[in-house]
Protein chains: 2
Amino acid sequence: MLVMAAKLAAEPAYTRLPVDERRRLLLDAGAKLFAQHSYEEISMRQIAQAAGVSKPLLYHYFPSKNDLFLAAVTEAASELQGLIQPAAGGTPVEQLTASLDAYLGWIEDNGRTWAKLMQSAAVLPEAHQLVEGFRVGTMELVLAELTGKRKPRPALRTAIRGWLGYMDAAILDWTQARDLPREELRDLLLAAFVGALLAAQQVDPKIKLNLG
Amino acid sequence: MLVMAAKLAAEPAYTRLPVDERRRLLLDAGAKLFAQHSYEEISMRQIAQAAGVSKPLLYHYFPSKNDLFLAAVTEAASELQGLIQPAAGGTPVEQLTASLDAYLGWIEDNGRTWAKLMQSAAVLPEAHQLVEGFRVGTMELVLAELTGKRKPRPALRTAIRGWLGYMDAAILDWTQARDLPREELRDLLLAAFVGALLAAQQVDPKIKLNLG
DNA sequence: CATGTTAATTGATCGCCGGTCAATAGCTTA
DNA sequence: TAAGCTATTGACCGGCGATCAATTAACATG
């Protein structure tokens with residue numbers, strides 16, 4: 001009797017959600033945790049628990065931890081992509097200024113997320129490639145107007161890659177020390193960019209640049 | 001009977017070594033593996049096995065995987081320290097040139113080790129701090145003559161940190177593409193260094209520099 | 001040469017990780 | 001109302017970093 005009553009009154013053993021909704025829930029839970037801690041610090045068990053769900057269900061929607069992380073990073077990256085997309089007109093330097101402003105503004109609002117993302121991307125090759133491809137794509141837009149469409153010479157390519165590293169390191173320093181106004185950092189990055197281009201030209205005089 | 005005979009003829013169950021010797025053996029085994037693969041790719045079991053020893057013994061000498069890795073990195077870093085130590089005389093730029101030459105030469109000989117070290121250091125905070133401290137120490141020697149002993153202004157500090165990031169990224173590109181002579185990369189790094197300093201001065205005119 | 005002491009060395013075990021499997025149970029539809 | 005689909009789960013796997021208690025090689029002492 002009691003058993004029957006209990007069974008009739010019992011709540012469902014679990015709630016079954018539409019696929020899209022469940023997937024969103026899990027992706028959001030993962031993104032939130034990955035934004036606050038690095039990749040290795042978070043376990044699939046924790047993510048599932050945060051979403052109020054069992055671990056195999058998480059694996060049902062994302063076949064591996066790597067996949068889940070990549071899905072979260074991809075989403076954040078495309079959000080950023082929209083902000084950074086350089087406007088059509090203006091000189092290359094103006095375009096770069098606008099993109100840097102948008103980029104730094106986003107980082108000012110999401111400092112911890114940015115730091116953890118960079119840290120994690122250093123280890124996971126796919127995530128690294130994703131971030132790198134996203135940047136290279138942006139850089140190519142700028143470079144196309146700076147150097148024409150010819151394939152860049154090695155020294156120029158290395159200098160550009162170097163400047164991207166400069167940007168990461170300087171931004172990291174900026175988020176940690178917080179003693180530099182955003183505009184000043186932006187100008188520093190811009191000046192360093194021009195400096196990097198001139199340094200490349202100095203090393204390899206065959207490099208042609210039409211700076212605005 | 002057979003048992004007794006076997007027991008009498010049996011070799012020792014293990015060979016007991018002097019503490020220093022055993023420690024050296026284990027540290028070398030770990031360093032060798034960490035030089036070829038990244039931190040997470042290597043397990044303590046593998047290291048112990050490579051040294052022909054049980055896992056608990058490895059833990060007897062190094063209380064954690066982190067400790068073992070740090071010991072290996074520290075040793076490699078102090079080896080590099082000796083090479084890079086800038087000579088006493090000469091202008092700051094000459095000192096930096098010599099240090100960069102030694103640094104790039106070492107990397108040319110130990111490319112994989114350098115790449116794996118950088119990758120691992122990105123994740124382990126202590127290793128990162130160790131590498132960072134080592135660089136900052138070297139930079140301070142150069143900066144002391146460039147800017148005097150006063151505490152550097154934020155823009156200059158950020159610019160220096162940025163240049164260190166530039167160096168890492170450019171070197172990584174260099175080791176992967178292999179289409180740039182070492183001297184050219186060295187000159188590129190030097191020119192970028194000067195460019196970074198000038199960029200900092202441009203952003204904050206209060207920065208004083210006495211370049212040779 | 002025998003014997004006792006010390007500590008270097010080991011096999012067995014722990015809790016947690018990423019990942020998998022077979023069984024359960026909500027929802028939909030005929 | 002009964003059947004079928006699949007979202008969801010508890011139990012489990014091998015391997016990880018790390019720990020413990022027991023073994024035993026090497027040495028000091030009589």
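Letters A, B, ... are given to chains in the order of the sequence lines, protein chains preceding strands, and every chain is numbered from 1. These values consider heavy atoms only, across backbone and side chains, with no hydrogens, waters or symmetry-generated copies. Everything numeric in this text was worked out from a predicted model, so none of it was measured.
Taking 4.0 Å as the cutoff to heavy atoms of chain B, we find the contact window on DNA chain D bounded by dC16(D) to dA26(D).
Note that the CG atom of L188(A) and the CG atom of D204(B) stand 10.0 Å from one another [nearest 0.5 Å]. L124(B) contributes atom CG, which lies 7.0 Å from atom CG of L70(B) (distance to the nearest 0.5 angstrom). To the nearest 0.5 Å, atoms OH (Y61(A)) and CZ (R22(A)) are separated by 6.5 Å. For the atom pair E108(B) CD and D101(B) CG, the distance stands at 10.0 Å (nearest 0.5 Å).
Geometric assessment of K116(B) against the ring of Y39(B) yields a negative cation-pi assignment under the 6.0 Å and 45° thresholds.
In this structure, L57(B) atom CG and dA7(C) atom P are separated by 15 Å, rounded to whole Å. The distance from atom CD of E41(A) to atom P of dC17(C) is 13 Å, rounded to the nearest whole Å. The separation between R45(B) atom CZ and dG11(C) atom C1' is 13 Å, rounded to whole Å. Atom NE2 of H60(B) is separated from atom P of dT6(C) by 16 Å (rounded to the nearest Å). Rounded to an integer number of Å, the gap from Q49(B) CD to dT10(C) P is 13 Å.
Nucleic acid contact class of Y61(A) (heavy atoms, under 4.0 Å, all strands): sugar-phosphate only. L58(A) comes within 4.0 angstrom of no nucleic acid atom, judged by non-hydrogen atoms across all strands. Using a 4.0 Å heavy-atom criterion, one finds that I47(A) contacts no nucleic acid atom at all.
For dT9(C), the OP1/OP2 oxygens have no side-chain nitrogen or oxygen of S54(B) closer than 4.0 Å.
No donor-acceptor pair closer than 3.5 Å links the side chain of E75(A) to the backbone N or O of A72(A). The closest donor-acceptor contact from the side chain of R112(A) to the backbone of Q36(A) lies under 3.5 Å. A donor-acceptor pair under 3.5 Å links the side-chain atoms of N110(B) to the main chain of W106(B), judged by distance alone. A donor-acceptor contact shorter than 3.5 Å links the side chain of W163(A) to the backbone of L189(A). The backbone N or O of I42(B) sits less than 3.5 Å from a side-chain atom of K65(B), completing a donor-acceptor pair.
Under a 4.0 Å N-O distance rule, the pair E21(A)/R16(A) does not qualify as a salt bridge.
Within residues 13-37 of chain A, the residues that place at least one heavy atom under 4.0 Å from DNA chain C are, in residue-number order, A13(A), Y14(A), R16(A).
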Are there any protein N/O atoms within less than 3.5 Å of an N/O atom in nucleotides 12-14 of chain C, and if so, which ones and at what distance?
none

